[in-house]
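Each remark here refers to the structure printed beneath this line.
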Amino acid sequence: MFEAIAFYLFAFLTIVMFSVTVFTKQALYALTALAAGMIFISAFYFLLGADFLGAVQIIVYTGAVMALYAFGMMFFDTTRNVKEYGRSPQIIFLLSGMIALLIVIIFVVPIVSENITAIYPVIEGVGNSQAVGMVLFTKYLIPFEVAAVMLLVAMIAGIVLAGKKMDYSLTLMEDEEIKLAEESKEKALS
Amino acid sequence: MDIAFLIETVVKIVVILLVFSALAGFGTYFERKVLAFMQRRLGPMHVGPYGLLQIAADGIKLFTKEDIVPQNVVGPIFKIAPVITAATAFMAAAAIPFMPSFTMFGYEVHPILADINIGILYILGVMGIGLYGPLLGGLASANKWALISTARAASIFISYEVITGLALLAPLMMVGSLSLIDFNNYQVGGIASWIVWSQPVAFVLFVIAGFAETGRTPFHLVANDHEIIDGFGTEYSGMRWGLFFIGEYANMFFISFVIAILFLGGYGDGSGLGALALLAKVSFIFFFFLWTRAAWPDVRPDQLMWLCWKVLMPIAVINIVITGIVMMF
């Protein structure tokens, strides 16, 4: 009974939160609702006994949404409404509605036809994180390593793109040095 | 799920909430006294004997102060931000074993709310959410100081989460479990088997990251009084501000428990002496937080980032590699 109550409570909360994310015109409301929705999703993992994934969901998405906040801070005045330009709301509504319907069908069909079997059933007496590790390092070793290489590539690209002026810190420079640097930049531009 | 379990859980929740809310109050008193003695002052002396009732006076002041929601703030977010800080601090306590299990009236009590087998991950994750309090409070405040403090909170969070995780990885590899109780049982053989001796680097890194995560001096950048007033708390008054305070001090207590259990042997073999030893360790780590505040200046934000990415992270990665090599051979 507790599981059912918890499931419906968190299902309701998650849907409300993501609806707020989509419908509001306030960047701050949208981001906060997104973060709350992501954290409420972790409740489903806990309910299903996947503690490890639940905790990882919390850690990863709080960090990720935090980065979105940083962007929101740079691009908007977060205390004001954002003006949205939508050329044709009908097309947006149709497309998003279709995608939502498709996703529901994709997930409901196997449940209705009762064709679901666990390929890797939970092994008794093995902890949650160990179970994830066993699947990750045997069956899915290559996708796992490829993902690691992709992240490494992204990191190196980020360093190359952002690291052009790494040895140049405005905080550590004297006022005259900053002026000189600006003048030389202006000369180079003109 | 039987009724006894439900009642036991509810009682535990109430006890943890009451004890640590009160301790947060006492924490402010201790902080003022310790800082005062280190600066050759007396600290609070006038209210009650030796200033002990200062906590009550502060409490009355916070509770009865007018609750102001300034113009131009984003109301709901502004109001919920302090609650997030306080609530997540106490949520993190759910996976901390505060004491060894003991028998009371013929009933075995485990002083931990939920012994989930990923305890430490859960604690770090929920403590991470705690930083949403300063972040949201600052963003919703429509105040420039608050916005600067928000930017700092976001950068500290994103950087120091990395250090915490990497520092923990090496001891985790040794223990082979994410449960705090397993960590405690690993170190049951007395002082010589504490993880701090085999993983001193991880210990230092974790403590530094703990300072960053709780926002204590020398990483007190989110509310640095002498440059950005009170940062995210500038626009807050009364009990809303008080909730930020309770959250901060409760977080300090809980991170002290986590450090003591992870690295300093926890409650040892589970005897009464072990429980007292755990309390002594936690008190010392809490005192260490205050001591550092009295002895160290604050660092600049760019120094903080430099320290995180160019010093601590490489050290943490090297520590993991060395631990792995030693464990393999």
Side-chain angles (χ1 to χ4, degrees), chain A residues 1-3 5 20 24 26-33 35-36 38-39 42 45-46 49-74 76-81 125-133 159 163 166 169-173, chain B residues 1 6 71-78 80-81 84 88 91 95 114 116-132 135-136 138-143 147-148 150-151 153-159 161-162 164-165 172 176-179 182 300-303 305-306 310:
Chain A
M1 187 189 71
F2 284 107
E3 266 187 15
I5 293 174
V20 171
T24 182
Q26 254 275 10
L28 198 52
Y29 284 159
L31 284 170
T32 312
M38 289 300 185
I39 291 165
S42 73
Y45 290 108
F46 286 119
D51 297 349
F52 180 76
L53 284 182
V56 167
Q57 165 91 10
I58 293 179
I59 293 176
V60 169
Y61 280 101
T62 44
V65 178
M66 192 73 88
L68 275 182
Y69 272 110
F71 283 115
M73 233 183 310
M74 284 188 266
F76 304 112
D77 178 356
T78 41
T79 53
R80 302 287 144 75
N81 283 1
V126 172
N128 217 286
S129 34
Q130 282 94 330
V132 172
I159 292 171
M166 281 277 201
S169 164
L170 283 179
T171 1
L172 294 178
M173 283 159 74
Chain B
M1 209 173 296
L6 265 185
Q71 256 187 342
N72 288 333
V73 303
V74 185
I77 309 276
F78 183 82
I80 208 173
I84 291 178
T88 50
M91 274 165 65
I116 40 179
N117 57 11
I118 44 127
I120 183 63
L121 265 189
Y122 168 83
I123 292 171
L124 292 180
V126 175
M127 276 192 175
I129 305 175
L131 273 169
Y132 270 85
L135 188 88
L136 292 175
L139 271 179
S141 278
N143 179 311
L147 198 62
I148 292 174
T150 303
S155 59
I156 288 181
F157 174 81
I158 292 171
S159 343
E161 194 84 323
V162 176
T164 325
L172 277 184
S177 166
L178 289 158
S179 161
D182 287 344
R300 284 199 316 258
D302 65 314
Q303 288 171 330
M305 291 298 116
W306 171 82
K310 289 192 177 168

Atom CG of B/Leu135 and atom CG of A/Leu28: how far apart are they, to the nearest 0.5 Å? 8.5 Å
Distance check, rounded to the nearest 0.5 Å: A/Thr32 atom OG1 versus B/Ile84 atom CD1?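 The CD1 atom of B/Ile84 is 7.5 Å from OG1 of A/Thr32, to the nearest 0.5 Å.
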When B/Leu131, B/Leu124, B/Leu136 are compared by non-hydrogen pairs under 4.5 Å with chain A, the top option: B/Leu136
Heavy-atom donor-acceptor pair, B/Tyr132 side chain to A/Thr62 backbone, under 3.5 Å: yes
Mind listing the closest non-hydrogen atom pair of B/Gly125 and A/Ile59 along with its distance?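 Looking at all heavy atoms of both residues, the shortest contact is CA-CG1, 3.5 Å.
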Using a 6.0 Å cut-off, check whether atom OH of A/Tyr61 has over 12 heavy atoms from anything other than its own residue.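 Check fails, neighbour count at 12 or below.
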When you look at CD1 of B/Ile80, are more than 12 heavy atoms from neighbouring residues, nucleotides or ligands closer to it than 6.0 Å?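 Atom CD1 in B/Ile80 is not packed in, count stays at 12 or less.
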Quick one: what part of B/Leu121 sits under 4.5 Å from any heavy atom of chain A, side chain, backbone, both or neither? both
